[in-house]
There are 2 protein chains.
Amino acid sequence: MTSPDGSRRPRYLHVRGQLVERIRSGAWAPGQPIPSEFDIAREFGVSQGTARMAVTALVAENVVVRRQGLGTYVCEHTQEEEYARFSSVFDGERRRIATDTQSRQAVVAGANRTERRDLNLAAGAKVLRIRRVRTRDGTPFILETVSVPAALFPGLAQRETLPATLYELYQKSYGVLVVRAEERLTAIAADRAAAKTLRVAAGAPLLRIERTAFALEGRPVECRVSLCYLADAHYLARLK
Amino acid sequence: MTSPDGSRRPRYLHVRGQLVERIRSGAWAPGQPIPSEFDIAREFGVSQGTARMAVTALVAENVVVRRQGLGTYVCEHTQEEEYARFSSVFDGERRRIATDTQSRQAVVAGANRTERRDLNLAAGAKVLRIRRVRTRDGTPFILETVSVPAALFPGLAQRETLPATLYELYQKSYGVLVVRAEERLTAIAADRAAAKTLRVAAGAPLLRIERTAFALEGRPVECRVSLCYLADAHYLARLK
DNA sequence: CAGTGGTCTAGACCACGTG
DNA sequence: ACGTGGTCTAGACCACTGC
């Protein structure tokens, strides 16, 4: 099969692209079922097996989830799911640690060098920076700075309140679906400001997490730096 | 289809199990091609599509790799591949850091509490503990203690030399194929001994990595603790 | 019960890497 | 040219879920 532009692309990848477009545009909303594999097959004039391959690709990309006997649903960043997928901090008994977000501050500024590189922005581009403290059982636990391209989230800076789980907001208000992230970790000594906020001694060892989050088609949409004081806690990474 | 014990299992999972058994037993050696999908289909009396599903499951489990036009090969832990899969430390330019292993020391001892939990060992079981220092450009970089069940690797303690890439040894000499690992990370302050070995100041922030490695069917086969001084370097984790 | 995803067949042809 | 994995069809039936 030859596509309109002359390049040879498997049919299932063409179908996948069409499905992604409908999800990106909001025609198929988060948490809602997409058409059945048979319906997709009929609409695009392919067999069920081919429609299934297209859906399987989206499952692998964390864009949809299959529920046997029910249907296939557009991924939804609920608070719970977002923690399960993107929060990697666990306690001594290997349970995921729940945090609350206590204080916030949001400003628009020119992107710095790290932000321009991680978010793939041109010089002079603006970012919205959100600074916040996350607490565990009421005590400061993580000091976090979240940066997003201002152009991608119009009006976000003017909001009076921001939810703890930002990806839900990105998705529901801006149609930006975070599907993947990379985190770069280092151990650093707490400087005075961080030590004061986290209520630890200056020089205490902190885990510094620098995250870059990616949306559909690999587009970087957020970077954040988190400083954590991990007393009786750890970060969990799964290899392959 | 009903299997001999009466449970209903998809045929492709039955085929997958048979393939795993041949790899585990060494009948199909690391780095060697397994039979083609058509040959597998013929042998087990299933269609190519079903044989393909069985192979796809093994690909997802990191047991085999497909090479288009060539065949499907049993995964091999070569030095290069092992670094690419299990080494997560990168330099400031985001290149993977190569390390050399400079000094080693191996002892057999009773498993401690952490080892018993991570390796799923009974009280009184013995482990082989390997202590070693890994260097970067000649300077100490990672201080590492590797623990494996002594019963699983007979004769390993008596070896005069050990390679830098242990998983290659586990696989080639003992038929133990590491397919997955979990790493638990914390930031700690260097104690005197670690500081001296790594040539940093006592109290310097170190990244502590506690790894558990799993073989086929989820069996834990190794745990290791690594202390890294990450000057101009970071640990990379990929989320989903 | 109807409708969904999950498994399975027996073919066919294509794209790729090697000889 | 050959054999491999990769794509694709047009069916079929099974297993699960909710009504």
Side-chain angles (χ1 to χ4, degrees), chain A residues 1-20 22-23 28-29 31-76, chain B residues 1-20 22-23 28-29 31-76:
Chain A
M1 198 61 178
T2 305
S3 36
D5 67 347
S7 73
R8 270 150 233 281
R9 194 162 58 145
R11 289 195 195 200
Y12 81 94
L13 286 182
H14 171 74
V15 175
R16 173 207 159 276
Q18 299 293 305
L19 301 185
V20 163
R22 295 196 191 181
I23 290 165
W28 295 343
Q32 295 306 114
I34 70 173
S36 75
E37 293 175 356
F38 282 97
D39 286 348
I40 291 170
R42 197 175 313 120
E43 172 172 358
F44 292 99
V46 298
S47 68
Q48 185 227 357
T50 300
R52 185 173 175 78
M53 280 200 285
V55 173
T56 298
L58 294 189
V59 171
E61 294 171 67
N62 307 309
V63 176
V64 300
V65 290
R66 286 199 175 100
R67 294 186 197 149
Q68 166 144 199
L70 282 174
T72 302
Y73 294 75
V74 180
C75 276
E76 186 176 26
Chain B
M1 197 62 178
T2 304
S3 37
D5 66 348
S7 72
R8 270 150 233 281
R9 196 161 57 143
R11 288 194 195 199
Y12 80 94
L13 286 181
H14 171 74
V15 175
R16 173 207 160 277
Q18 300 292 305
L19 302 185
V20 164
R22 295 197 189 178
I23 291 165
W28 293 343
Q32 295 305 115
I34 69 173
S36 76
E37 294 174 357
F38 282 98
D39 287 348
I40 291 169
R42 196 176 313 120
E43 172 173 359
F44 292 98
V46 298
S47 67
Q48 183 226 357
T50 300
R52 186 173 175 77
M53 280 199 287
V55 173
T56 298
L58 293 187
V59 171
E61 294 171 68
N62 306 311
V63 175
V64 300
V65 290
R66 288 198 174 102
R67 294 185 197 149
Q68 165 144 197
L70 283 173
T72 302
Y73 294 75
V74 180
C75 277
E76 187 177 24

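Proteins come first, then strands; the chains are lettered A, B, ... in the order of their sequence lines, and each starts at number 1. We use all heavy atoms of the structure for the numbers below, so side chains are in, but hydrogens, waters and symmetry mates are not.
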- Item | Whole-Å gap separating P (dG3(C)) and CG (Asp39(A)) | 11 Å
- Task: Please state how far atom CZ in Arg9(B) lies from atom C1' in dC14(D), giving the value in whole angstrom units.
- Result: 17 Å
- Rounded to the nearest Å, what distance is computed from the OH atom of residue Tyr12(B) to the P atom of nucleotide dG5(C)? 16 Å
- Members of residues 52-67 of chain A that approach DNA chain D, where some heavy atom sits under 4.0 Å away: Met53(A)
- Message: Please give me the minimum heavy-atom distance between Leu58(B) and Ile23(B), naming the atom from each residue.
- Response: CD1-CD1, 4.4 Å
- Could you pick out which residue, Gly71(A) or Thr50(B), lies toward the 5' side of DNA chain C when each is mapped onto its nearest nucleotide? Gly71(A)
- Query: Given dG5(D), dT7(C), dG5(C), which nucleotide is nearest the side-chain atoms of Pro10(B)?
  - Reply: dT7(C)
- Glu37(A) has an atom CD; how far is it from atom P of dG6(C), in whole Å? 6 Å
- Note on the structure: B/S/- along nucleotides 10-19 of chain C (protein heavy atoms under 4.0 Å) is BBB--BBSS-
- Message: Tell me the interatomic distance from Tyr73(A), atom OH, to dG3(C), atom C1', rounded to whole angstroms.
- Response: 11 Å
- Does a side-chain heavy-atom distance below 4.5 Å link Trp28(B) with Leu19(B)? yes
- Message: Restricting to non-hydrogen atoms, name the atom on Val15(A) and the atom on Ala54(A) that form the minimum distance, rounded to 0.1 Å.
- Response: CG1-CB, 3.7 Å
- Tightest non-hydrogen contact, residues Asn62(B) and Cys75(B), listed as O-SG, 3.3 Å
- Query: For Asp39(A) and Glu43(A), what are the C-alpha separation, side-chain angles and deciding distance, and is it a side-chain contact (heavy atoms from CB on, under 4.5 Å)?
  - Reply: CA-CA 6 Å; Asp39(A) 286 348; Glu43(A) 172 172 358; over 6 Å; no
- Note on the structure: note: Ile40(A), atom CD1; dT4(C), atom C1'; distance rounded to Å ~ 12 Å
- What do the steps show when you test Arg9(A) against Arg16(A) for side-chain contact (heavy atoms from CB on, under 4.5 Å), and what is the final call? CA-CA 11 Å; Arg9(A) 194 162 58 145; Arg16(A) 173 207 159 276; 5.9 Å; no
- Per nearest nucleotide of DNA chain D, the residue lying toward the 5' end, Gly45(A) or Thr72(B), is Thr72(B)
- Item | Ring-face cation contact, Phe44(A) with Arg11(A), 6.0 Å cut, 45° max | no
- Task: Output yes when at least one side-chain N/O atom of Ser36(A) is less than 4.0 Å from OP1 or OP2 of dG3(C), else no.
- Result: no
- Intermediate values then yes/no, side-chain contact (heavy atoms from CB on, under 4.5 Å), Val65(B) and Glu76(B): CA-CA 9 Å; Val65(B) 290; Glu76(B) 187 177 24; over 6 Å; no
- Message: Could you measure the distance from the CD atom of Gln18(B) to the CD1 atom of Ile40(B)? Nearest 0.5 Å is fine.
- Response: 11.5 Å
